[in-house]
**Q** 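Dumping the structure here so I can ask a few things about it.
Each chain gets a letter, A, B and so on, in the order the sequences are listed, and its residues count up from 1. Just so it is clear, the values below take in all heavy atoms, side chains as well, and ignore hydrogens, waters and symmetry mates.
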Amino acid sequence: MTASRTERRKIVSLSGVRKAFGNRVVLPGLDLDIYRGEFVTLLGPSGCGKTTILRLIGGFESPDAGSILLDGEDIAALDPSQRPVNTVFQSYALFPHMSVFDNVAYGLRAERRPEEEIERRVGDMLRMVQLEELARRKPDQLSGGQQQRVAIARALVKGPRLLLLDEPLSALDYKLRKQMQNELKRMQRELGITFLFITHDQEEALSMSDRVVVLRDGVIEQSGTPRDVYESPANLFVARFVGEINVLDVRVIAQLEGGRLLAEIEGKQREFDAGQHRFAPGTRLHALLRPEDMRLLPADDGSALPGEVVERNYKGMMLETLIRLDSGRQLQACEFFDESDPDFDYLLGERVGVSWVPGWEVLLADEGA
Amino acid sequence: MLNWLKYGYLSLVYLLLYLPIGVLLLYSFNASKNPYRWGGFSWHWYERLWQNTALIDAAANTLLLAISAATLSTLIGTLTAIALQRYRFRGKRFLNGMLFVVMMSPDIVLAISLLALFILVGVQLGFLSLLLAHVTFCLPFVVITVYARLSGFTPQILEAARDLGASEFRMVRTVLLPVISPALLAGWLLGFTLSLDDVVVSMFVTGPTFEILPLRIYSMVRLGIKPEVNALASVLLLLSLAALVGSQYLLTRNAPHTP
């Protein structure tokens, strides 16, 4: 899939897009390409500029500089009503005085389509989101999940070339959210429409997208498949934002044969896999470790980092532990229950040794952060 | 005991509110000319009212003035509310504050300053001066009513309409106006009633060519209460009740609820 990406057609191409509100620069100069049929998620904390990007593409803001191309055509000056792009708004923004049917039909009526065609296309769309029976209801007679479906149907009925989704699931409860995530993925596959989704929820971003774009202060920190972003974060910000992570300080002692590295970590000497990188002795690095890659060993294991259990949380299918190392640093570990030892558990204050699967750590240069 | 006290108190409050109106209604049917004695049921005063062309003319003038003032202030007030709610511009807070100044300032102050202004500018006292004055004091109420409605729904529904391909005009016609229509009606009715029963401001800015009902009644009462006034007040009461019930019916029938 990654190999074919270069051959695929760009549907949206933002280059050098700058946007400021008064003195506050939201996007200092953004380059972003979205390819046909992709499910792209913009992920970032609030205020990172993700909503502004959506509003620029939708036509509700205009860029101070740069170009926005849709299928090769510059749309930066086009009115929102002229763009072949539709939006699912965060608060659904359903028209309160219209029935479900009229809400979905609104875009087609604005295009002055014949009434039979409207009837048919709205009917098809309502069937897809399973709301046929509720077509005569008003939005305030629907549950949150149903309102959400109406908003999606309304945005999809015109067959946009690109669908923009502005945190559409943030108001739903956990179960409904999971269900809608699957439905959105299904619709995207069935209709073949490109989705640009924004969220601040990393779990949602990872589970739904073909590609995740992590943003901070209007700058793209990393763009890649969910697996890339989670397993090989480009920097400390991405690592910390996408999932839980432990950060340990490492000082290089010597570069060894075959890309191996001898380094000091929390007072112990260990070997690391440096890959292509070469580090001079004395270089300070960060080792990043996901909680699920940590292994808890008996306290007397010589190679492990000694510490004690300060918190344990039972999570159903796994056990989450917080360990304070003797150096004072706290680490999170997360172990799954398995058949060999279904009742493993720790006491608070129990002495343990912390280790990890060799080679699963990510080494990053110390950014001074 | 507590229950009795509760209902007793409530009855007392309502009695205090409605007793005068009840007496007025009752005495509009009084056959006796003496306002302190019940002389049997009669339509007499209603007949006399119907023959009193000066009073009928004044009532027609008042209705014309109230409808014009309410309509004009609803038009101007709605546009003002939209501007204040949707756009950011220099001096917005000042403009907003000035509305409250007009609303809070005593009628007598407004009346004197309007009169001074009209004389200075050379506006002939009569229908025009009354209309300008009434629009002035109705305006803040309309703006506040419509503004509250506009703040009650998410501005994203307007963007959604544009996003779905509606022109600015179509968006206003099919989304904005239907959603704020209850507030428009409420603002209009508020302006209508304010204009209908204003005495203080009207007294100052009225002219000899255009007599309105509140001032006419006021001058009649000064010479002693004529029972025709009771009949007239009863008719007005009936009309305003009908308007109230009618508007409530319209509002509940197609009330757009905001989520």
**Q** I need the single residue from F95(A), F89(A), Y92(A) that forms a side-chain contact (heavy atoms from CB on, under 4.5 Å) with I157(B). Which is it?
**A** F95(A)

**Q** Distance check, rounded to the nearest 0.5 Å: H97(A) atom NE2 versus T174(B) atom OG1?
**A** 6.5 Å

**Q** Could you name the residues of residues 162-171 of chain B that have a heavy atom within less than 4.5 Å of a heavy atom in chain A?
**A** R162(B), D163(B), L164(B), G165(B), A166(B), R170(B), M171(B)

**Q** Heavy-atom count check: over 12 atoms from other residues, nucleotides or ligands less than 6.0 Å from K92(B) NZ?
**A** yes

**Q** Is it the backbone or the side chain of V85(A) that comes under 4.5 Å from a heavy atom of chain B, or both, or neither?
**A** backbone

**Q** Where along residues 109-121 of chain A does a heavy atom come under 4.5 Å of chain B, listed by residue number?
**A** R109(A), A110(A), R112(A)

**Q** Counting heavy-atom pairs under 4.5 Å with chain B, which one of Q82(A), R83(A), R55(A), M98(A) comes out on top?
**A** R55(A)

**Q** Does F89(B) CZ have over 12 foreign heavy atoms under 6.0 Å away?
**A** yes

**Q** Should we count CZ of F21(A) as having more than 12 external heavy atoms under 6.0 Å?
**A** yes

**Q** Other residues, nucleotides and ligands only: do more than 12 of their heavy atoms fall within 6.0 Å of CD on E190(A)?
**A** yes

